[in-house]
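Worksheet: one structure, shown below.
Keep in mind that what you see is a predicted model, and the values were worked out from it rather than measured.
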Amino acid sequence: MDTRHRASLASTRPMHRVFRVDEILLLVLNNLDYDTSSLASVARTCRLLHRPAIVVLWDSLYNIEPLIRLFPSDAWELTDSVPHANGGMPWTRTPRRLNLTRALTAPEDWYAFDKYAYLVRHITRIAHSGELKADVRMIRPLYGLDQITLETYQMLSFCRRGLLIPLLKTIDWSFQSSAHGSPTLCADMLPILHLLVGPELRHLRIGRLFLYASSKYAATPALKSILGAIQSTCPLLESITFDTIHGGSAELSRVLGPQLTRHHNLKSIRCPGVALAIHDVVKLSSLPSLASLQINLSFDGLVRSSLHASRSCHPAEPVTTFPSLRELDIQRCDAQSYLQFASIKLPVVEDFKLTLDMSTHRSCPRPLFAVIASQCNPETLSVVKLRDDRLDDDLITCPNFAVSASNLRHFLAFRHLRYLNIDTRTSCTEYDDEVLVEMATAWPKLEHLHVNAGVRKSGWRRSSSVATLLGLSAFAKRCPGLTHLGLLLDAHGPQTDEEHVVHGHLHTLRNLEVIHWGWSTVRGQLESVASMLSYLFPPDVQWRRGGDGYFHAEPEEVAEEEDSAEKWDKVMALYPVMYRVRQQERERARRLVASGDSSAI
């Protein structure tokens, strides 16, 4: 049989049955999600692969330019933009402006547009798998550099009264300052969302909306109109995100809270730049499915008086709770606002993040950690992140905001804690080995522990108690999954190997990636310090010292710091040597055990 005949038979041979299952093909092709060139090649391979390939290819767009370019060639044009006065960014090509040149009135004008618009599910700059998250971005395609003009959207609105993309699930409606340089244009662009908002919408993100919210061009009326339209046309909406740059106006905050409470199926609300009043946050607790909330808080005098009245006149009044909230991120608030919010219980919260302006510490009559512990459920909380939002560097001496052993013990009730990060850099910090042992015992699932290691040097108090290297052995014994450890301690190594044995040196933090010492001191026999560290840490651990660049030592502390830094350099130089010696000892012990002569170890 000649080669030509064999090739002819191969071309008529039926394709394997696995390629006839669309679900399997879609799983394979989804791995080429951002490789549009490869997806286009697959779509042109054969009729069997064409449909699954274009479904993936058109599933997610950066903007609607690919759809607009499906109109007849005489209906649109791309023109070069005027370069920025400052030269702009060094793009691979000059950004262009996309305009419609005529009205689209004939049915045949829309044939190709409608064919592929039914395949589009996501218009977003963020990866569309599940909920929108700002830390996962799409690869920006070249057409993402182009600017679709306001006149183009207005023409589309005039020519098509219905939805442009009927089955759209995700909208990322962002305003770029490079593309939309005036506040008037930002306000005018918002109503265009009516062209995209449909019954299948699940996720809505409006970015840079409030850049000019404090000016006379505020987009608040348009936003109110859009949210009203969403309420009536998008029953399946699950998440709303409002990204801001300079924050919203007071009017915007008053409008946004009541509007959000009307969307009863919401699972995620992210408004990091809009300060919501406490009474509006209380209303959000009525949303039965709300699982993720990211907000700023502002003090509410009305809530304060009403809470006081309820306690005095109606002591049996039910406590407000968020029944389904699992992730809470308060990005900015003062102590007084948080104390108001703390009256709301969080029975199922797993991830708690709080950024607090600690200059308002005088408004906190109780220890901050105690307030957090009373608000959250010890059976569910697993992540706690606390950060100071202060702009100055004055040291806080208030005991209620101190990172002390007595305050840290309020967190010991959270038995499922995996992540604790305390970064209040101007709070007085003081703890000892005893509380470290209690932490390790209480949190066996711990993966990340950072107890204010970046505090200003003068904020680390060592007058009555101080942690040492011996306190670390408890984590090696009880927290095998630990990957990050940030502590302040006075490192002085034990004098004999017998003391290592007493403190459980056979346990090693094998998964540890980062150790942050902050301003920790070292003294005594440096070889003993390096020897003990070789028992506890893996060889490739990263060492960090100092206050993360936020603060420097005071002039009177410079000499002490220079001496400590020199000693730590010697310890880190000795550490790999000691680790190799420890490895040789362990290998020798294994050989003796294997030979049955364990008594010689």
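- Atom CD1 of I372 and atom CG of L368 lie 4.5 Å apart (nearest 0.5 Å).
- Rounded to the nearest 0.5 angstrom, L164 CG and C159 SG are separated by 10.5 Å.
- Using a 4.0 Å cut-off between charged nitrogen and carboxylate oxygen, E327 and R270 count as a salt-bridge pair.
- Checked against a 6.0 Å centroid threshold, the rings of Y118 and W110 do not count as neighbours.
- Listed for the T483 side chain is no donor-acceptor partner under 3.5 Å among the backbone atoms of N511.
- Under the 4.5 Å side-chain criterion, counting only non-hydrogen atoms from C-beta, S157 is in contact with L195.
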### Message
For a side-chain contact (heavy atoms from CB on, under 4.5 Å) check, start with the C-alpha distance between I171 and T124, then their side-chain angles and the critical distance, and finish with the verdict.
### Response
CA-CA 6 Å; I171 300 176; T124 176; over 6 Å; no
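- With F322 as the aromatic partner, K345 does not meet the cation-pi criteria of under 6.0 angstrom to the ring centre and within 45 degrees of the ring axis.
- L346 is listed as a side-chain neighbour of L328, based on a closest heavy-atom distance under 4.5 Å.
- Using a 4.5 Å cut-off on side-chain heavy atoms (C-beta onward), L293 and L284 make contact.
- With 3.5 Å as the limit, one finds a donor-acceptor pair spanning the side chains of T149 and T152.
- Taking 4.5 Å as the limit, every side-chain heavy atom of Y419 sits out of range of all side-chain heavy atoms of L449.
- The CD1 atom of I240 sits 5.5 Å away from the CD1 atom of I230 when rounded to the nearest 0.5 Å.
- With rounding to the nearest 0.5 angstrom, the CH2 atom of W173 is 10.5 Å from the CG atom of L204.
- When all heavy atoms of L67 and F113 are compared, the pair lying nearest together is O-CD1, 3.3 Å.
- Looking at D109 and R160, no side-chain N of the basic residue comes within less than 4.0 Å of a carboxylate O on the acidic one, giving no salt bridge.
- Using a 4.0 Å cut-off between charged side-chain N and carboxylate O, E200 and R202 make a salt bridge.
- In this structure, L193 and I206 have side chains that are in contact, with non-hydrogen atoms separated by less than 4.5 Å.
- Taking all atoms of both residues into account, the shortest heavy-atom contact from Q340 to I278 is OE1-CG1, 3.0 Å.
- Atom NZ of residue K283 and atom CZ of residue R262 lie 9.5 Å apart, to the nearest 0.5 angstrom.
- Residues H50 and A43 come closest through the heavy atom pair ND1-O, 3.1 Å.
- In this model, a donor atom of one side chain and an acceptor atom of the other lie less than 3.5 Å apart for H122 and T170.
- Judged purely by atom type and a 3.5 angstrom limit, S337 has no side-chain atom pairing as donor or acceptor with the backbone of C333.
- With respect to R332 and D357, no salt bridge is recorded, no charged nitrogen being found less than 4.0 Å from a carboxylate O.
- In this structure the side chain of D334 never reaches within 4.5 angstrom of the side chain of L356, judged on heavy atoms.
- Between D423 and R387, no side-chain nitrogen of the basic residue sits less than 4.0 Å from a carboxylate oxygen of the acidic one, so the salt-bridge criterion is not met.
- A donor-acceptor distance shorter than 3.5 angstrom exists from the side chain of S41 to the backbone of S37, with no hydrogens or angles considered.
- Although no hydrogens or angles enter the test, the distance criterion places no donor-acceptor pair under 3.5 Å between the side chain of N296 and the main chain of A275.
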### Step-by-step side-chain contact (heavy atoms from CB on, under 4.5 Å) determination, D74 to T101
CA-CA 7 Å; D74 65 332; T101 57; 5.6 Å; no
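- Nearest heavy-atom pair, N99 versus T79, reported as atom, atom and distance to 0.1 Å: ND2-OG1, 4.0 Å.
- Counting heavy atoms from C-beta outward, S292 and L325 have side chains that stay 4.5 Å or more apart.
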### Task
Evaluate the criterion side-chain contact (heavy atoms from CB on, under 4.5 Å) for residue pair V281 and L297; output intermediate values, then yes/no.
CA-CA 8 Å; V281 177; L297 291 179; 3.7 Å; yes
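- Remark: H203 NE2 to D172 CG distance equals 12.0 Å, nearest 0.5 Å.
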### Message
Under the criterion side-chain contact (heavy atoms from CB on, under 4.5 Å), I'd like the reasoning laid out for H448 against L420: C-alpha separation, chi angles, the key distance, then a yes or no.
### Response
CA-CA 6 Å; H448 181 110; L420 175 62; over 6 Å; no
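- For D329 (side chain) and F352 (main-chain N/O), no donor-acceptor pair under 3.5 Å exists by modelled atom type.
- Remark: W76 pairs with no residue by the ring-ring contact (aromatic ring centres under 6.0 Å, His included) rule, at least two apart or across chains.
- A pairwise comparison of heavy atoms in P323 and V348 identifies O-CG2, 3.4 Å as the closest pair.
- Here the closest heavy-atom approach between residue I295 and residue L276 is recorded as CG2-CD1, 3.9 Å.
- A donor-acceptor pair shorter than 3.5 Å cannot be found between the side chains of H416 and S382.
- In this pair, Y143 and Y62 present their aromatic rings perpendicular. The plane angle is above 60°, beyond the 30 to 60° band.
- By the 4.0 Å N-to-carboxylate-O rule, D80 lies too far from R96 to be salt-bridged with it.
- Within 6.0 Å of CZ in R102 there are more than 12 heavy atoms belonging to other residues, nucleotides or ligands.
- The side-chain heavy atoms of Q375 and Y338, taken from C-beta on, include a pair separated by under 4.5 Å.
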